[in-house]
K.L.:
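Dropping the structure in here first, questions after.
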Amino acid sequence: MYDFKQIEKKWRNYWKENKTFKAINGSDKEPYYILVEFPYPSGSGLHVGHVRSYTAQDAIARMKRMQGYNVLYPMGWDAFGAPAEQYAIKNHIHPKDAVRENIKTFKGQMETLGFSFDWDREFSTTDPEYYKWTQWQFLQFYKHNMAYKEKVPVNWCPTCKSVLSNEDAAGGVCERCGSSVVQKEKSQWMLRMSDYSEDLLTGLDDTNFAERVKLGQINWIGKSIGAEVNFKIEGHDKKFTVFTTRCDTLFGATYCVLAPEHEYVLEITTPEKQEEVKEYIKKCSTKNEMERTELNKEKTGVFTGAYAINPVNNDKIPIYISDYVLASYGTGAIMAVPAHDDRDYEFAKKYGIPIIQVLEEEIGKKEANEEKQKEIIAIIHNPETDKYLTIKKNDKRTFIDGTRKDDESALNCALRKIQEKTGYNDLKLIGEDFKINNHYYDKDTDKYINAETTPILFELQSERTTNKDLNNEEISIKWLTLKEIEKEIKDELHKKSFEYVLDPAAMTGDGTHINSEFLNGKNKEDAINTMISWLEENNCGKKKVNYKMRDWIFSRQRFWGEPIPMIDCPKCGWVPMNEEDLPLLLPDIAEYEPTENGESPLANITEWVNCKCPKCGHDAKRETDTMPNWAGSSWYFLRFMDPHNDKEFVGMDAMKYWNRVDWYNGGMEHTARHLLYARFWVQFLYNIGLVPKKEMIWTRVSHGMILGSNGEKMSKSKGNVVNPDDVVNEFGADALRIYEMFIGDYTQDASWSTDSLRGCKRFIDKIFRLKDKVIEGDNYTKELENLIHKTIKKVENDLQTMSYNTAVSSLMILVNNFEEQKEITKADYKVLLTLLNPIAPHFTEELNEQLGFSPICEGKWPTYDEEKTIDKTKDIAVQVNGKVRGTITINVDDEEDIIKEKAMQEDNVKRHIEGKDIIKVIVIKGKIVNIVVK
RNA sequence: GCUCAUAUGGCGGAAUUGGUAGACGCGAUAGACUCAAAAUCUAUUUUUCUUACGAAAGUCUCGGUUCAAGUCCGAGUAUGAGCACCA
């Protein structure tokens, strides 16, 4: 019927020859910048996942152009990185040659898919003309004291002799050789990203990122507001400081913990404990991160023999060391409040450290004149039957409860009450749990009660009882299973108590303070503020904000990255290269091996390493570390605005013209880190006056993955990889594009289905066949006019809201309606082709040309008339008591009375209301009628 | 463990502010065309009952709000992703 390969090739060439998609800096048209993440050109070629997001953004770009915007839709290559380096080492070629080949493949694939990139702006991060400016920007970081060198632990594979990224060392195992990864200290270049924590947080307000993207950023930054508290050490002059978000629980602190790496550890450890502590530290340092987390399923630690003084009550509390405290967060030391922190609770239980409750959960409503009482709730478990004892109280089922007499302990009260009610006396105490603060009204005494209630759990040892009649009406004992208790115990206090004793855990929620002197009676928030003021007044602490986000480790011990333009001079120390000497090129050799000691392969290339100090001229050595992959991608979107500038990294005029990236799309896996690095980079450039805005990216959305047909991630080993070239070959680029837009919700993962793809191909065939029905005519066919206007509106809206799948489906509906007609006009047909063009650009252009029109890509987007999208008549449902009993046809301007009348006349409706009282009739204009009868 | 997301026919998925659940596509079944197949066209396709008109149930489970709930509220379950002792 038609040769899609010929057609696609023809239009590909047309766009290329005419430079149809060239974006012009400074044009009068309104600028619109659409961006997709530039790919890493791997050896395996383009993935069908790339096709999804590139097509989606391409559709928007093409529509926006027709709507009169000057659209910038660029493409480039993020081509530094480990895989190319590995490949090159193995095959003794220069990575740039491997990369050049891969780029060629990728670009060819992109062209056959018909993406409307402005190829005149193409560049690779590995181009010296580009990485010159990445290096230049590093020097700006350095000059503004934002880059520094520091020793940090890195993942080290002893077999590959190479430093690994966290991703490559996932699970504590080297991804390449499978040997286990160890930690090694190395001096690394760092960027002071943590200085920007707050700015990166507040900057989100100036963006239009999707909520989940913002959330990813917020979580990564990990802001927490708390306090630092200073603890004196008994018998030492020194103090140590802890960070806590819960300084309100200070009265409940029963021990402190220092990280094994904390600087005071050995100093404060008592002589008899030295050996034990040293051994523990050694054990921790040899563990790699994986082992450490694995072992941490159970907490370990040792007592140092030293004691800290709790500043609020001068209590002596033991100091432990444990690797559950991280040296790298906060101050590397904590105060432990086992009653109100899960980790501390676990540790205290294991080592028998006291647990002091300082916060009570509240139940019920507080009243003004309350009488204070102490009460208990006794829960008895029968291990024989695995049931729990309940009694009847005011016609409801509860556990045994009771009020403590003066000086009576909770335990004695519970035993007394059990004896009174049931006569059981062979009981084993399992445990008391945290007290609950209960407010209620007592009918018998006409008083409001505030009861501090202690839940206690017993185990029944034998059925021995002094009570003869356990089943009498009054108490009505029942043993219930867990499930029955869930259903039958309604009282909140009893429910809570049961939860507490069943699964003893730290109480981490809000409540009322007890055992806390000046905090007693206050809630969490109030108490935190009071405590902070107290700490500040008494000079033993202060308010403090902490962030999880650390500084950016900017060094990589690799060959294939941007060389860091720094020189180590024996006289002057670290000296930056002169800017006019940039770029610092990578050496042009194809033979290099990683070094024995984990330095970059560059370290072996002496003629490259040796140089003169730019400051004093003395013999010096270059930095051999290179930059991380994230560096080049942190500013590439700016370079696209002015890609060939050899005077500046980007001209200010260009940035001011394009303003910002209007719409940035990428994978979910990059939404946290890449975006954070890029925003940090831009904010820094803004602060030194090099970019015009603090946030240069406006909207960021993330697409879902394309999974294999078995619902799993595509991978060679699983054999479920779909190669886009094969698909294009068999079905054509247009079919693939339509299919990937139709596959489902764009932000959601979707599984590949070749059957569904065939359906999309069939859709194209249908449109070709429609051409036989086309007759001359500049107006829409009367019967179709309404639907056409609606469809224009729908497609336009859907593309703007990323509802690509429903955009396609509405066009399918339009085609189905066209098919029902004997003939359609050229105008009808042309609007269909235009609306589908952004998604399937090749064949729509071809058919359009066959009608004798000028190219769609140079034309205008159709407009719709709001008036004409509104239906004159409408079928609406009539419900009786909420169930649909029939439909009626109404005119849109029908009054309520008329609609009501029509509804009542409907046959099936009549049947359902016959002989019944009509209570009311609800008429929602244009939507539904509901008749309520009795 | 924590955080987030998701849950709708045989399948992928639709469903504006709560207002006819299952659009559109796939698959399946039957029929037309054909020597035959493919392609195409027509019809049916949530389940159950009914010859039919129609009725009952139905959007993970339980409970609630409402004339009306896939949609809102509360409690849970399952799956997936990310973080992983962040004090």
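Sequence lines set the chain letters: A, B, ... in the order given, protein chains first and strands last, and positions in each chain run from 1. Just so you know, these numbers come straight off a predicted model, no measurement behind them.
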K.L.:
Of the options rG25(B), rA14(B), rG19(B), whose atoms approach the side-chain atoms of Ile928(A) most closely?
P.N.:
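The nucleotide sitting nearest to the side chain is rG19(B).
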K.L.:
Looking for any heavy atom pair under 4.0 Å, which part of the strands does Gln748(A) touch: base, sugar-phosphate only, or nothing?
P.N.:
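Since only primed, P, OP1 and OP2 atoms lie under 4.0 Å of Gln748(A), the category is sugar-phosphate.
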K.L.:
Rounded to whole Å, how long is the line connecting atom NZ of Lys496(A) with atom P of rA75(B)?
P.N.:
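Rounded to whole Å, this separation is 11 Å.
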K.L.:
Could you work out the separation of rG9(B) and rA5(B) based on their P atoms and round it to a whole Å?
P.N.:
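Rounded to whole Å, the distance is 22 Å.
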K.L.:
Can you see if the side chain of Arg769(A) gets near the phosphate of rA39(B) - specifically, an N or O under 4.0 Å from OP1 or OP2?
P.N.:
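False: Arg769(A) side-chain N/O out of range (4.0 Å or more) of rA39(B) OP1/OP2.
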K.L.:
Run Glu361(A) and Lys496(A) through salt bridge (Lys or Arg N to Asp or Glu O under 4.0 Å) and show every step you take.
P.N.:
CA-CA 10 Å; Glu361(A) 190 159 356; Lys496(A) 256 283 152 15; 3.2 Å; yes
K.L.:
What contact category does Asp344(A) fall into here, base, sugar-phosphate, or nothing, at under 4.0 angstrom with non-hydrogen atoms?
P.N.:
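No contact at all - Asp344(A) keeps every heavy atom at 4.0 Å or more from the nucleic acid.
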K.L.:
Rounded to whole angstroms, how far apart are CD on Glu820(A) and P on rU42(B)?
P.N.:
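Rounded to the whole Å, the gap is 9 Å.
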K.L.:
Hey, does Leu215(A) reach any base, or is it just sugar-phosphate, or nothing, if we go heavy atoms under 4.0 Å?
P.N.:
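Sugar-phosphate only.
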K.L.:
If pairing requires Watson-Crick or G-U wobble contacts with both distances under 3.5 Å, which nucleotide is the partner of rA81(B)?
P.N.:
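For rA81(B), the partner nucleotide comes out as rU3(B), under the 3.5 Å rule.
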K.L.:
Rounded to whole angstrom units, what separation is found between the CG atom of Leu707(A) and the P atom of rU79(B)?
P.N.:
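So the CG-P distance, Leu707(A) to rU79(B), works out to 18 Å.
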K.L.:
May I ask you to say what Ile743(A) touches in the nucleic acid, namely base, sugar-phosphate or nothing, with a heavy-atom cut-off under 4.0 Å?
P.N.:
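Sugar-phosphate contact only - Ile743(A) comes under 4.0 Å of backbone atoms but never of a base.
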K.L.:
Give me the distance, rounded to whole Å, that separates rC83(B) from rU8(B) when you measure between the C1' atoms they each carry.
P.N.:
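Comparing C1' positions in rC83(B) and rU8(B) gives a spacing of 31 Å.
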K.L.:
For Phe347(A), is the NZ or CZ atom of Lys299(A) found under 6.0 angstrom from the centre of its six-membered ring and inside 45 degrees of the ring axis?
P.N.:
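Checked: cation-pi criterion not met.
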K.L.:
Give me the distance, rounded to whole Å, that separates rA37(B) from rA32(B) when you measure between the C1' atoms they each carry.
P.N.:
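rA37(B) and rA32(B) have their C1' atoms separated by 16 Å.
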K.L.:
Go through Phe240(A) and Tyr264(A) one step at a time and tell me if the ring pair (Phe, Tyr, Trp, His ring centres under 6.0 Å) criterion holds.
P.N.:
CA-CA 8 Å; Phe240(A) 67 92; Tyr264(A) 289 175; 7.4 Å; no
K.L.:
Any base atoms under 4.0 Å from Thr806(A), or only sugar-phosphate, or nothing? Heavy atoms, all strands.
P.N.:
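Sugar-phosphate, no base atom in range.
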K.L.:
Are any side-chain N or O atoms of Asn230(A) and backbone N or O atoms of Lys239(A), one a donor and one an acceptor, separated by less than 3.5 Å?
P.N.:
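Side chain of Asn230(A) to backbone of Lys239(A): no pair is present.
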K.L.:
More than 12 heavy atoms of other residues, nucleotides or ligands under 6.0 Å from CD of Glu525(A): yes or no?
P.N.:
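For Glu525(A), atom CD is not crowded (no more than 12 foreign heavy atoms under 6.0 Å).
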K.L.:
For atom P, what is the distance between rU50(B) and rA38(B), given to the nearest Å?
P.N.:
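These two P atoms come out 36 Å apart once rounded.
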K.L.:
If we call it a pair only when both distances are under 3.5 Å in a Watson-Crick or G-U wobble match, what pairs with rA32(B)?
P.N.:
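Its partner is rU40(B) (Watson-Crick or G-U wobble, both distances under 3.5 Å).
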K.L.:
Show, in sequence, the C-alpha distance, side-chain angles and deciding distance for Glu228(A) and Lys543(A), and conclude whether the salt bridge (Lys or Arg N to Asp or Glu O under 4.0 Å) test is met.
P.N.:
CA-CA 6 Å; Glu228(A) 283 185 348; Lys543(A) 189 172 179 175; over 6 Å; no
K.L.:
For residues Asp875(A) and Thr889(A), is any side-chain donor paired with an opposing acceptor at under 3.5 Å?
P.N.:
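Yes, side-chain donor-acceptor contact under 3.5 Å.
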K.L.:
Please determine whether a side-chain nitrogen or oxygen atom of Asn805(A) lies at a distance below 4.0 Å from atom OP1 or OP2 of rA14(B).
P.N.:
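Result: yes.
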K.L.:
From C-beta outward on Arg885(A), which listed nucleotide comes closest to its side chain: rA55(B), rG19(B), rG25(B)?
P.N.:
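From the listed options, rA55(B) comes nearest.
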K.L.:
For rG82(B) and Arg673(A) - does any side-chain N or O of the residue sit under 4.0 Å from the phosphate oxygens OP1/OP2?
P.N.:
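Negative; the distance criterion is not met.
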K.L.:
Whole angstrom is fine here: how far is it from CG in Asp755(A) over to C1' in rA28(B)?
P.N.:
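Distance, rounded to whole Å: 12 Å.
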K.L.:
Once you measure the plane-to-plane angle for His674(A) and Trp630(A), does it fall in the parallel (<30°), tilted (30-60°) or perpendicular (>60°) bin?
P.N.:
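Because their plane-to-plane angle is under 30°, the rings of His674(A) and Trp630(A) count as parallel.
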K.L.:
Measure CH2/Trp220(A) against P/rA81(B) and give the value in whole Å, please.
P.N.:
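The distance from CH2 of Trp220(A) to P of rA81(B) comes to 17 Å, rounded to the nearest Å.
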K.L.:
What is the distance, rounded to the nearest whole Å, between atom OH of Tyr804(A) and atom C1' of rA23(B)?
P.N.:
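The answer, rounded to whole Å, is 21 Å.
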K.L.:
Of all the nucleotides listed (rA5(B), rU20(B), rC24(B)), which has the minimum atom distance to the side chain of Met812(A)?
P.N.:
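The answer is rC24(B), which lies nearest to the side chain.
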K.L.:
Which is true for Asn816(A) with a 4.0 Å heavy-atom rule: it touches a base, it touches only sugar-phosphate, or it touches nothing?
P.N.:
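Since only primed, P, OP1 and OP2 atoms lie under 4.0 Å of Asn816(A), the category is sugar-phosphate.
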K.L.:
Looking only at the side chain of Lys766(A) (C-beta and beyond, no hydrogens), which of the listed nucleotides rC67(B), rG25(B), rA87(B) gets closest?
P.N.:
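The closest nucleotide is rG25(B).
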K.L.:
Between rA38(B) atom C1' and Asp765(A) atom CG, what is the distance in whole Å?
P.N.:
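That distance rounds to 13 Å.
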K.L.:
Mapping Ser810(A) and Arg246(A) onto RNA chain B by nearest heavy atom, which one lands closer to the 5' end?
P.N.:
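Of the two residues, Ser810(A) wins.
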K.L.:
Output yes when at least one side-chain N/O atom of Tyr324(A) is less than 4.0 Å from OP1 or OP2 of rA87(B), else no.
P.N.:
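No, Tyr324(A) has no side-chain N/O under 4.0 Å of OP1/OP2 on rA87(B).
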K.L.:
Check every atom of rG12(B), rA5(B), rA23(B) against the side chain of Phe742(A) and return the nucleotide holding the closest atom.
P.N.:
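For the Phe742(A) side chain, the nearest candidate turns out to be rG12(B).
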K.L.:
Choosing from rA14(B), rA55(B), rG27(B), which nucleotide comes nearest the side chain of His912(A)?
P.N.:
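My answer, after comparing the listed nucleotides, is rA55(B).
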K.L.:
Which is it for rG9(B), anti or syn, if anything within 90° of zero counts as syn?
P.N.:
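What rG9(B) shows is a syn base, its glycosidic angle lying within 90° of 0.
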K.L.:
Salt bridge check: are Arg700(A) and Glu37(A) linked by an N-O gap of less than 4.0 Å?
P.N.:
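So Arg700(A) pairs with Glu37(A) through a salt bridge.
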K.L.:
For Asn908(A), report the nucleic acid contact type (base, sugar-phosphate, nothing); a contact means any heavy atom under 4.0 Å.
P.N.:
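Sugar-phosphate contact only - Asn908(A) comes under 4.0 Å of backbone atoms but never of a base.
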K.L.:
In whole angstrom, give me the gap between the C1' atoms of rA81(B) and rU46(B).
P.N.:
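To the nearest whole Å, 31 Å.
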K.L.:
Between His912(A) and Val933(A), what is the shortest heavy-atom contact and its length?
P.N.:
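Looks like O-CG2, 4.5 Å.
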K.L.:
What does rG12(B) pair with, Watson-Crick or G-U, if both distances are under 3.5 Å?
P.N.:
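Pairing partner: rC24(B).
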K.L.:
Taking the nucleotide of RNA chain B with the closest heavy atom to each, which residue, Glu819(A) or Ser809(A), is nearer the 5' end?
P.N.:
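Checking each residue's closest nucleotide, the 5'-ward one belongs to Ser809(A).
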K.L.:
rA28(B) and rA78(B): how far apart are their C1' atoms, nearest whole angstrom?
P.N.:
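Between the two C1' atoms, the distance is 29 Å.
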K.L.:
Base, sugar-phosphate, or nothing: which does Ile924(A) touch, judged by heavy atoms less than 4.0 Å apart?
P.N.:
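Base contact.
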K.L.:
May I ask you to verify if any side-chain N or O of Ser224(A) is less than 4.0 angstrom from the OP1 or OP2 atom of rA87(B)?
P.N.:
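Yes, such a contact exists.
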K.L.:
Describe the nucleic acid contact of Gly330(A) in one word from base, sugar-phosphate, nothing, applying a heavy-atom distance below 4.0 Å.
P.N.:
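Answer is nothing: Gly330(A) stays at 4.0 Å or more from every strand.
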K.L.:
Please tell me if Asn219(A) has a side-chain N or O lying less than 4.0 Å from either OP1 or OP2 of rA84(B).
P.N.:
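Negative; the distance criterion is not met.
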K.L.:
Counting Watson-Crick and G-U wobble pairs only, both distances under 3.5 Å, name the nucleotide matched with rA68(B), or none.
P.N.:
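Base-paired to nothing in any strand shown.
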K.L.:
NZ of Lys883(A) versus C1' of rG54(B): gap in Å, rounded?
P.N.:
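In whole Å, rG54(B) C1' and Lys883(A) NZ are 14 Å from each other.
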K.L.:
Given rG54(B), rU20(B), rG19(B), which nucleotide is nearest the side-chain atoms of Asn930(A)?
P.N.:
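Shortest atom-to-atom distance from the side chain points to rG19(B).
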K.L.:
Say you pick atom P in rG18(B) and the same atom in rC72(B); how far apart are they, in whole Å?
P.N.:
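It comes out at 9 Å once rounded to the nearest Å.
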K.L.:
Can you identify which nucleotide, out of rA21(B), rA87(B), rU6(B), has its nearest atom closest to the Phe243(A) side chain?
P.N.:
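Looking only at side-chain atoms, Phe243(A) lies closest to rA87(B).
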K.L.:
Output yes when at least one side-chain N/O atom of Arg762(A) is less than 4.0 Å from OP1 or OP2 of rG27(B), else no.
P.N.:
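So the side chain of Arg762(A) is within the cut-off, an N or O lying under 4.0 Å from OP1 or OP2 of rG27(B).
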K.L.:
Say we look at rU61(B) and rC11(B): how far apart would their C1' atoms be, to the nearest angstrom?
P.N.:
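That atom pair is separated by 24 Å.
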K.L.:
Applying a 3.5 Å limit to both distances, which nucleotide forms a Watson-Crick or G-U wobble pair with rG63(B)?
P.N.:
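Result: rC73(B).
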